[in-house]
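Here is the structure we will look at, set down as structure tokens.
Atoms within a ligand are numbered from 1 in the order they appear, just like the ligands themselves.
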Amino acid sequence: MSRRIGSPLIGVPLLEDLGAVDGAAVLVRTDFNVPVESDGDGTCHVVDDFRIRTALPTIEWLQRRGARVTAASHLGRPTNDEPERCSMEPVRRALRTLAPDVRLLENLRFDPGEEANDPAFVDRLVQGFDAYVNEAFGVAHRAHASLVGPPTRLPSAAGIRLAEEVDVLGGLLVNPARPFVAVVGGGKVHDKLGVLRSLADKADVLLIGGAMAFTFFAAMGREVGASLLDAEHIESCARLLAEHSNIVLPTDVLALEPGGVFGSSPPAVGPRSDTKVVGQELPYGWKGLDIGPDTAEAFAATIGSARTVFWNGPLGAIEDERFASGTRRLAEAVAACAGYTIVGGGDSAMVVDGLGLADRIDFVSTGGGASLSLLENGDLPALAALRGASNAPSPGRS
Ligand code: 3PG
Ligand code: MG
């Protein structure tokens, strides 16, 4: 792991900093918040075990040195989701085949103390353990009890994958090979304004797609038709554009006719709604749902000449096949790029996976929100907590 100057890993204890773990009971906070699907008979199974597999090197590292490993994770959002979707049981079954000797606690979020970062919950959680390891990059942007509490009580360390995530993503902020091209899509511009600003500062080119592009169109004085628009943030988008000449927006858009239906299951019978390619001005009532073909080619060409690429978020309403082409073209361009390519978690990771392109991406992050938060702030609450552990290296020794 390279803890280069300015890296967010500076001062974070790694596994080696735990000292001897032979015979030790080690609590490993993992992010086993994986997609589960109901089998129809009330049981569920894990659909994608990527996040589980990325924790295995740390688990094996500890076990080889004689540690007894207990894993703990959240699953879903139990306050909103159906309870059967949040039981750890399907994860436990998946883990049993991958790492038979690991105990897995029940969903941490079943206790309100987890999200409230309640010190009494931390006390209960660490009881009986000799050391703590954070191998939960995907949730490291949350100051929840199991992420920030244990380092105040136990010798602690970042897991192998967590450290790698921070090294790779943090490296974008420190010294990326240039040209560095960032691509951000998705719907909610509000959630991403901070990271857009940070990426526009660091990258040579920032390509913007997805529904959030329309708030930028509005900021440029364009008509957006019936496209998604975040009226409250037009002003912020205008400021961002005024301050950064390296932001590139779509020049054409694939739009759906007024009143047209779209989604994962558009009407099976009857005429399909009409779509057409338009420029940056959307006709009245038309809804922009994907980047157009010219934009897709232009974005792909920009990516083709990049030496570093970071991509997060779909560029269209990919749940509807008609609006998935732009994102697919982008995924292909990222896969074909000869430079170092990083895909942020969530939907974009699913797209590259679904297209069978994941092997051709240099680094697929396990974290969506966490990767954006790290890029925006240069640090994460869980990393700051690890730096405060009694066994943390002093910054000078990192
Ligand atoms: C994720 O999947 O984004 C992480 O596990 C964090 O989950 P959360 O967004 O529910 O906090
Ligand atoms: Mg999330």
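Residues Lys202 and Leu172 come closest through the heavy atom pair CB-O, 4.5 Å.
With a 4.0 Å cut-off on non-hydrogen atoms, Arg51 touches ligand 1 through its side chain and not its backbone. Contacts with ligand 1 closer than 4.0 Å are made by no heavy atom of His144, backbone or side chain.
Ion pairing between Glu165 and Arg51 fails under the 4.0 Å rule for side-chain N and carboxylate O. The existence of a salt bridge linking Arg387 and Asp379 is confirmed by a sub-4.0 Å separation between a basic side-chain nitrogen and an acidic carboxylate oxygen. Salt bridge Arg142/Glu115: absent, no basic N to carboxylate O contact under 4.0 Å. With respect to Asp290 and Arg322, no salt bridge is recorded, no charged nitrogen being found less than 4.0 Å from a carboxylate O.
Using a 4.0 Å cut-off to heavy atoms of Arg109, the atoms of ligand 1 that qualify are 7 (O), 8 (P), 10 (O), 11 (O). In the vicinity of Asp31, heavy-atom distances shorter than 4.0 Å reach the ligand 1 atoms 4 (C), 5 (O). Close approach of ligand 1 to His74 (heavy-atom distance below 4.0 Å) involves ligand atoms 4 (C), 5 (O), 6 (C), 7 (O). If you number the atoms of ligand 1 from 1 as listed, the ones under 4.0 Å from a heavy atom of Arg77 come out as 8 (P), 9 (O), 10 (O).
The closest approach between a heavy atom of Gly369 and any atom of ligand 1 is not below 4.0 Å.
Note on ring orientation: taking the six-membered ring where Trp is involved, the planes of Phe262 and Phe323 are perpendicular (angle over 60°, cut-offs 30° and 60°).
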